[in-house]
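For reference, the structure is listed below as structure tokens.
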Amino acid sequence: MAPALVEEYITRSSHPLSAFYHKIVAGERITREDAVTIYESDDLLAIGILADTARVLRTPPEVRDYVYWVHNFHINPTNICEAHCKFCSFKKGPGSPFAYVMSVDDVIKQVNDYPMKDQLSEFHIVSGLYKEQGLAYYRDLFKALKQHFPKVHIKGLTAVELDYLSKLEGIPVEETLAVLKEAGLGSLPGGGAEVFAERVRELVCVDKIPASEWLRIHGLAHQMGMQSNATLLAGLGETPEERIDHILAIREQQDKTGGFMTFIPLNCYYDNNAIDAKNALTGVENLKNFAISRILLDNVPHIKSFWIHIGEKISQVSLSFGVDDIDGTVVQEKIAHAAGTEASEAMTQAELVNMIRKAGKIPVERDTVYNIIRVYDEQLV
Ligand code: SF4
């Protein structure tokens, strides 16, 4: 729809969401009550207009059509985990024939075997909670990765893993972060947040740290000069209000410590785990989650749709619902695939570029902290 028509559609005084459009244009903060009303609307087009308006107005004009991606490589050092998250299809017990544990040398070899390793700018490292891989393992792993691939940023270990390592070593999280930062850790991924609502956590991940601790650990990282991401794992049986409260908790933390780069609404998959598939999100709910995240998070610069979770086509549509990042090339995604996502396990650079262009946007390769590596104008493939 042409911009003038878009404005006319949503600003008609009879449109039930027009007041929120005017609030966004005026730079006013959207409240919880506003968000619930927006989320309840079945006018998906209007919700998309609100989110895209928020994205456009909060983005510098020269980069408004940019959609970011990163050339990254996922490393999952073990699938053995002591926790019992009901949505997890990745975890194995130590005696399982499918359990694996990677030594530092195994990881280095895995990266070395990747033909495009010279083009990588990020390692995304998350793993199971396993006592044989304590702080010394991760310190040595990060040091070795930095020694072999000094230009590649390490985004590693969720707040849950950092809490586990700290308890294992009997030291405060601050100390764990300091050791890992010294070894090469650059930023934190957004995982482990799931849904912050205690009601849901008690049902699906009772042995995970509570929301307050997840947020505190990210705040500590921010105060130590490391940026981070944040996620929402929807489709666990949470209510729309609980999704909104989760996003608002991120906004509140961001007001205090300001280090979140990207918010990533994810959706659960149901193969090989104990979550009832009747909780599965519809495509419409996925788009609402992207949109409401962009509308509420006036202090977080980027909203990401992780194409591995939602597939390429909804990812493309999400770019009109507030999203400006679609993650990256990934290489060897294990976690969502263990749970049944039908998206492919990796996408080449050319495929990513093509996917973004076909959605009418300009593909931009970034590094982890959003320094621009390359703008893919029409000459570049
Ligand atoms: S989600 Fe993470 S912490 Fe929970 S069981 Fe799976 S690997 Fe362990």
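Ligands are counted one by one from 1 in listed order, and the atoms in each one are counted from 1 as well. What you see below is based on every heavy atom in this structure, not just the backbone, and it leaves out hydrogens, waters and symmetry mates.
The part of Lys208 lying near ligand 1 is the side chain, judged by heavy-atom distances below 4.0 Å.
In plain terms, the two heavy atoms of Ile275 and Gly235 that are nearest each other are CG2-O, 3.9 Å.
Here is the list of ligand 1 atoms found below 4.0 Å of a heavy atom in Cys81: 3 (S), 5 (S), 7 (S), 8 (Fe).
Protein heavy atom closest to atom 4 (Fe) of ligand 1, with residue, atom name and distance, is Cys85 SG, 2.3 Å. The protein non-hydrogen atom at the shortest distance from atom 6 (Fe) of ligand 1 is Cys88 SG, 2.3 Å.
Taking the side chain as every heavy atom from C-beta outward, Ser305 and Phe290 approach each other to under 4.5 Å.
Only one option out of Thr59, Asn229, Asp324, Thr262 pairs with His302 in a side-chain hydrogen bond (donor to acceptor under 3.5 Å, both in side chains); it is Asp324.
Heavy-atom contacts from other residues, nucleotides or ligands closer than 6.0 Å to CD of Glu241 number more than 12.
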